[in-house]
Amino acid sequence: MRKLVYFIAATLDGFIAGPDGADPTGPDGFWPIPEDYLKHLIAEYPETLPGPARAALGVTAEGTRFDTVLEGRRSYEIGLDAGLTDAYPHLRHLVFSRTLGESPDPAVELVASDPVARVRELKQEDGKDIWLVGAGELAASLYAEIDTLILKLSPTTTGAGIPLFGRNAAFEPAAWTLTDHTVLGSGAAYLTYQRASVAG
């Protein structure tokens, strides 16, 4: 069965974006991308680069991990504000929103129904794993469905911002097993955890 993988950049103090929700690695972001971080991303997770970045970097690798990307409306609107109606044209792209009337792009599937039910359907389909991209609130609603957590850990603290599972996540302790890690010279780290069990 396919896994839901929350693959997300985070600060040392657990924030995925500043208080305004802007992309921390964007042009005005607080985390400049180190060269070794980018090289590792291209080598191991090429499908997670947005289409324009793939083109600019000459990345053509299909990738072996994901064939589907999920995001919430706020995350999707970061791309829309940059003029991208589909930031991941090389992946099946689903956007979860109850407020967007229609999809701005025919290749982007708009989902207004229950995220948990839709993800359970996706998990039953054939294919590679499913990537949950920068989406604190969506990640909170899909918390119990997340099988793998891959943190792209930045050697940065912000003190405030949007937490890993959004500002309104429920208190639901869970245990995770570290299954892989790569620490780079820049201080950035890639940490992979598999859900173990609910703590209790």
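Between the side chains of Ser97 and Thr99, at least one donor N or O sits under 3.5 Å from an acceptor N or O.
In summary, Glu77 and Arg74 do not engage in a salt bridge, as defined by a charged side-chain N under 4.0 Å from a carboxylate O.
Residues Thr156 and Asp13 have side chains not in contact (no heavy-atom distance under 4.5 Å, counting atoms from C-beta outward). Side-chain contact between Ser103 and Glu109: absent, with no pair of heavy atoms (C-beta onward) separated by less than 4.5 Å. Between Met1 and Glu125, every side-chain heavy-atom pair lies at or beyond the 4.5 Å cut-off. Residues Pro19 and Arg167 meet the side-chain proximity criterion, which asks for heavy atoms closer than 4.5 Å. In this structure the side chain of His181 never reaches within 4.5 angstrom of the side chain of Tyr190, judged on heavy atoms.
Between Trp31 and Tyr37, the ring center distance clears the sub-6.0 Å criterion. Checked against the 6.0 Å centroid criterion, the rings of Phe96 and Tyr76 do not qualify as a close aromatic pair.
Interatomic distance, NZ of Lys128 versus CD of Glu47, reported as 6.5 Å (0.5 Å rounding). Going from atom OG1 of Thr192 over to atom CD1 of Ile150 covers 4.0 Å, rounded to the nearest 0.5 Å. Separation of atoms CH2 (Trp131) and CZ (Phe66) is listed at 7.5 Å; rounding is to 0.5 Å.
When all heavy atoms are compared, the tightest approach of Ala87 to Pro52 is O-CD, 4.3 Å. Closest approach of Thr177 and Ala196 over heavy atoms only: OG1-CB, 3.4 Å.
Looking at Asp147, Asp126, Asp129, Asp67 one by one, the single match for salt bridge (charged side-chain N to carboxylate O under 4.0 Å, His left out) with Arg2 turns out to be Asp67.
Annotation: cation-pi pair Arg195/Tyr143 present, NZ/CZ under 6.0 Å from the ring centroid and within 45° of its normal.
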